[in-house]
Amino acid sequence: KKTAENLSILAGDLALVWADELFWSSGTDSKFLMKVKPYFDQLRQEVIFGQTSDLVLGKNSNENDILKMYEYKTARYSFVRPLQLGAKLAGASANELKILNDYATPVGIAFQIQDDILGTFGKNSGKDSDSDIKEEKETLLIYYIRKQITDNSKQREKFDEIFSNKNASEKDIAWVRNLIKESGALKYYDGSANGVYTGTWNTSTQAATNADEDIVKDIDNSGWYRTDRLTGLQVANAGTAVNVDITKIEVWEDGPAAG
């Protein structure tokens, strides 16, 4: 086990080296890369901070602690910084970068909330629907339960026995899922995620309109982000930025092309 842990640390170190190598050998003019390097560095620092928070947050964490962890490990890493990197390469203004931040941060948090729900209730989603419970993930769903059930109660005692038990039975997992539903946590946070997305879409689009900007040109309810201002930057609702290419413009009309 010790050897595996040490190899994992070294693999992470190597990945950071490779990331730098890919960045500087991308073929993009170095004068442009120098402009976006601070965003690239921040992206990596922020995701490490977020993942560290994910590991150390305990049962005394509050809602703000968890939301901040979501912001750093998901929103900034998968939404804000990739958008800003592409925008900066395309010559975006400070105001355009702020609009992207204001849009992408809450959308990234909403994405993570939905991901947590899939991690507990998802079927055929590609995720183990019992992993978050067995791995003692301090999600908003779990925070809500802790807030609702009384300390030292039989219900709390049973929950504590199951939560983080890697050998928990399917029956035990089903009991926790039912508790999440009965507590109102599922309904509350599922609604919060959808509300965050809708509110952000309206706010960001209005901000872009008021500023006479084209940066938030076409965000539809499916979650696809596309623009002819962010040259070659394509972002899907899966939260991954791909095809950053400042030599051409690609605009998705109805989602990504096959392949």
Provide the closest heavy-atom pair for Gly108 versus Thr74 in the form atom of the first, atom of the second, distance.
O-CG2, 3.6 Å
Take Arg81 and Asp41 through the test salt bridge (Lys or Arg N to Asp or Glu O under 4.0 Å) and record every step on the way to the result.
CA-CA 10 Å; Arg81 298 308 181 196; Asp41 290 339; over 6 Å; no
Taking the side chain as everything from C-beta on, heavy atoms only, tell me whether Glu71 gets closer than 4.5 Å to Leu67.
no
Close side-chain approach of Ile180 to Trp175, heavy-atom, < 4.5 Å
no
For residues Ile149 and Arg156, report the shortest heavy-atom separation together with the two atoms involved.
CD1-CD, 3.5 Å
Phe79 side, atom CZ; Thr105 side, atom OG1 - distance, nearest 0.5 Å:
10.5 Å
Roughly how far, to the nearest 0.5 Å, is CD1 of Ile173 from CD1 of Ile133?
4.5 Å
CG (Leu83) and OH (Tyr39) are apart, to the nearest 0.5 Å, by 12.5 Å
Contact between Thr120 and Leu141 at the side-chain level, heavy atoms closer than 4.5 Å - yes or no?
yes
Decide side chain to side chain contact (heavy atoms under 4.5 Å, CB included) for Tyr143 and Glu138; before the verdict, give the C-alpha distance in whole Å, the side-chain angles of both, and the deciding distance to 0.1 Å.
CA-CA 7 Å; Tyr143 161 77; Glu138 290 295 331; 5.7 Å; no
Hey, could you give me the CZ/CG distance between Arg146 and Asn60, rounded to the nearest 0.5 Å?
8.5 Å
Distance in Å, Phe49 CZ paired with Gln42 CD, rounded so as to fall on 0.5 Å steps:
13.5 Å
Just by modelled atom types, is the Val17 backbone N or O under 3.5 Å from a matching donor or acceptor in the Asp20 side chain?
no
How close do Asn101 and Pro106 get, heavy atom to heavy atom, and via which atoms?
O-CD, 4.3 Å
Minimal non-hydrogen separation, Thr139 against Ile66, with atom names
O-CD1, 3.7 Å
Which heavy atom in Val36 sits nearest to a heavy atom in Phe23, and how many Å separate them?
CG2-CZ, 3.7 Å
Check Glu170 with Arg177, please: is the shortest side-chain N to carboxylate O separation under 4.0 Å?
yes
Heavy-atom count check: over 12 atoms from other residues, nucleotides or ligands less than 6.0 Å from Lys98 NZ?
no
Mind jotting down which residue pairs meet the side chain to side chain donor-acceptor pair (under 3.5 Å) criterion with at least one end in residues 47-57? Sequence neighbours excluded, please.
Asp54-Lys73, Asp54-Lys137
Look at Glu161 together with Lys158 and state whether they make a salt bridge at an N to O cut-off of under 4.0 Å.
no
